[in-house]
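Before any comments, here is the structure.
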Amino acid sequence: GTVASTVEGGAITITNTYDTAQLTITKSFPDNNLPEDKRGGITFTVTGGDLTSPIVKTYGDFTNGSLTLTQADGIKVGATYTVTETNADVNGYSRTTTYKVNGEATAHEYTDAGASVTTTGGTGSVEHINNYALGRLVITKTFAGNATPDNTQKSAIRFTVTGVSTDDATKDYTATFAYGTNTDNATWTDTTNGKILTITGLKLGSYTVTESGDVYTDSNGKAEYIHSVKYTVGSTERTTNGTVASTVEGGAITITNTY
């Protein structure tokens with residue numbers, strides 16, 4: 001600056017403005033299906049700007065779903081960075097990931113290319129949003145033949161569903177459902193010749209369905225009906241049980257009792 005020297009004293013002010021830089025990564029799980037102990041290994045890699053090496057963090061480094069990188073980490077004002085997410089798939093779940101950059105209202109579908117974010121004005125942010133869908137089973141129970149059990153007899157029918165956990169044997173699945181009785185994750189709906197049971201909240205995988213309580217006897221212990229049971233999954237038919245895959249759309253099995 002140029003200033004005049006005067007008797008009173010020529011004055012000049014020099015102001016230095018230093019911008020700070022930071023990049024904030026947030027992570028959310030809106031459907032809350034994935035347990036906390038499965039989240040810690042999700043990995044975030046930051047590249048770009050004039051970083052000499054990638055910055056690698058895991059969700060275990062986050063606090064309350066957020067991580068902020070600063071100048072101490074190598075983040076600079078006005079630089080463009082790419083944030084990629086890896087190690088996010090978990091057995092038994094169907095993952096979808098979207099992201100938002102710098103507070104955008106609309107989320108983008110995430111790709112392996114990662115999310116590009118610029119620290120305009122010194123700050124930048126990217127939010128990664130992961131949903132982990134669980135599977136469903138749809139069991140159609142049908143009664144056929146020229147004799148039909150009454151409602152009391154039908155209510156004694158039970159369906160046992162078993163599944164083997166792919167990552168932890170202590171979390172193998174076993175549950176029994178009564179014909180016509182709804183539970184927190186199981187709902188029955190009526191059909192013309194039976195009912196449909198929809199079971200939700202199951203990990204994706206293979207399940208075995210076995211029916212019991214479908215043989216009825218009179219007071220003398222003699223069978224009231226001659227009956228057969230058929231388990232149908234796709235084009236496969238069995239007579240002892242049925243194996244069906246739990247899918248997001250709903251793995252389907254039909255159990256037909258002929259009396």
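Because the structure is predicted, anything quoted here is derived from the model rather than measured.
- Taking 4.5 Å as the limit, every side-chain heavy atom of Thr243 sits out of range of all side-chain heavy atoms of Val209.
- Counting only heavy atoms from C-beta outward, the side chains of Lys203 and Tyr93 approach each other to under 4.5 Å.
- Contact check for Thr239 versus Val229: no side-chain heavy atoms found under the 4.5 Å cut-off.
- When the ring-ring contact (aromatic ring centres under 6.0 Å, His included) test is applied to Tyr231, no partner is found at least two apart in sequence or on another chain.
- In this structure, Ile196 shares a hydrophobic cluster with Val138, the cluster being traced through Ile, Leu, Val, Met, Phe, Trp and Tyr side chains under 4.5 angstrom apart.
- Here OG of Ser155 is found 7.0 Å from CZ of Arg158. Values are rounded to the nearest 0.5 Å.
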Phe177 vs Trp188, ring pair (Phe, Tyr, Trp, His ring centres under 6.0 Å): CA-CA, chis, key distance, verdict: CA-CA 10 Å; Phe177 304 91; Trp188 289 90; 8.3 Å; no
For Thr160 and Thr176, what are the C-alpha separation, side-chain angles and deciding distance, and is it a side chain to side chain donor-acceptor pair (under 3.5 Å)? CA-CA 4 Å; Thr160 300; Thr176 299; 3.2 Å; yes
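- Side-chain atoms of Ser28 do not come within 3.5 Å of backbone N or O of Thr26 as any donor-acceptor pair.
- Using a 4.5 Å heavy-atom threshold, the side chains of His227 and Asp214 count as touching.
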Let me have the donor-acceptor pairs involving side chains of residues 141-151, under 3.5 Å, with sequence neighbours excluded, atom names and distances please.
{"unit_1": "Lys141", "atom_1": "NZ", "unit_2": "Glu211", "atom_2": "OE1", "d": "2.5"}
{"unit_1": "Lys141", "atom_1": "NZ", "unit_2": "Glu211", "atom_2": "OE2", "d": "3.2"}
{"unit_1": "Lys141", "atom_1": "NZ", "unit_2": "Asn257", "atom_2": "OD1", "d": "2.3"}
{"unit_1": "Asp150", "atom_1": "OD1", "unit_2": "Thr152", "atom_2": "N", "d": "3.1"}
{"unit_1": "Asp150", "atom_1": "OD1", "unit_2": "Gln153", "atom_2": "N", "d": "2.8"}

Determine all donor-acceptor pairs shorter than 3.5 Å in which one atom belongs to a side chain in residues 128-135; sequence neighbours excluded.
{"unit_1": "His128", "atom_1": "ND1", "unit_2": "Glu85", "atom_2": "OE1", "d": "3.0"}
{"unit_1": "Asn130", "atom_1": "OD1", "unit_2": "Lys27", "atom_2": "NZ", "d": "2.3"}
{"unit_1": "Asn130", "atom_1": "OD1", "unit_2": "Thr97", "atom_2": "OG1", "d": "3.0"}
{"unit_1": "Asn130", "atom_1": "ND2", "unit_2": "Glu85", "atom_2": "OE2", "d": "2.8"}
{"unit_1": "Asn130", "atom_1": "ND2", "unit_2": "Tyr132", "atom_2": "OH", "d": "3.1"}
{"unit_1": "Asn131", "atom_1": "OD1", "unit_2": "Asp31", "atom_2": "N", "d": "3.1"}
{"unit_1": "Tyr132", "atom_1": "OH", "unit_2": "Ala88", "atom_2": "O", "d": "2.6"}

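- Contact detail for Ala252 and Val233: the closest heavy-atom pair is O-CG1, 3.9 Å.
- Here the straight-line distance linking atom OG1 of Thr181 with atom CD1 of Ile157 works out to 11.5 Å at 0.5 Å rounding.
- Using bins of under 30°, 30° to 60° and over 60° for the plane-to-plane angle, the ring pair Phe62/Phe44 lands in the tilted bin.
- Atom OH in Tyr207 sits 9.5 Å away from atom OG1 in Thr162 (nearest 0.5 Å).
- Taking CG of Asn102 as the start and OG1 of Thr123 as the end, the distance is 6.5 Å to the nearest 0.5 Å.
- Summarising the geometry of Ser125 relative to Gly103, their closest heavy-atom pair is OG-N, 3.7 Å, with the distance given to 0.1 Å.
- Thr198 has its side chain out of reach of Leu137: every pair of non-hydrogen atoms, C-beta onward, lies at least 4.5 Å apart.
- Separating the CD1 atom in Ile253 from the OG1 atom in Thr232 is a distance of 8.0 Å, to the nearest 0.5 Å.
- Taking both residues in full, the closest heavy atoms of Val126 and Ala115 are given as CG2-CB, 3.7 Å, listed atom of the first, atom of the second, then distance.
- Under a 3.5 Å cut-off, the side chain of Thr247 and the backbone N or O of Gly250 do form a donor-acceptor pair.
- Here the OH atom belonging to Tyr81 is positioned 10.5 Å from the OG1 atom belonging to Thr47, to the nearest 0.5 angstrom.
- Of all heavy-atom pairs spanning Gly114 and Thr84, the tightest one is CA-CG2, 3.6 Å.
- Of all heavy-atom pairs spanning Ser94 and Val248, the tightest one is CB-CG2, 3.8 Å.
- With sequence neighbours excluded, the residues that form a side-chain contact (heavy atoms from CB on, under 4.5 Å) with Asn241 are Thr208, Thr210, Arg238.
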Validation: residues 67-80 side-chain donor-acceptor distances under 3.5 Å, sequence neighbours left out:
{"unit_1": "Thr68", "atom_1": "OG1", "unit_2": "Thr24", "atom_2": "OG1", "d": "3.1"}
{"unit_1": "Thr70", "atom_1": "OG1", "unit_2": "Ala72", "atom_2": "N", "d": "3.3"}
{"unit_1": "Asp73", "atom_1": "OD2", "unit_2": "Thr70", "atom_2": "N", "d": "2.8"}
{"unit_1": "Lys76", "atom_1": "NZ", "unit_2": "Asp50", "atom_2": "OD2", "d": "3.2"}
{"unit_1": "Thr80", "atom_1": "OG1", "unit_2": "Thr118", "atom_2": "OG1", "d": "2.8"}

Test Leu51 against Val46 for side-chain contact (heavy atoms from CB on, under 4.5 Å), laying out the working first. CA-CA 9 Å; Leu51 293 173; Val46 180; 4.2 Å; yes
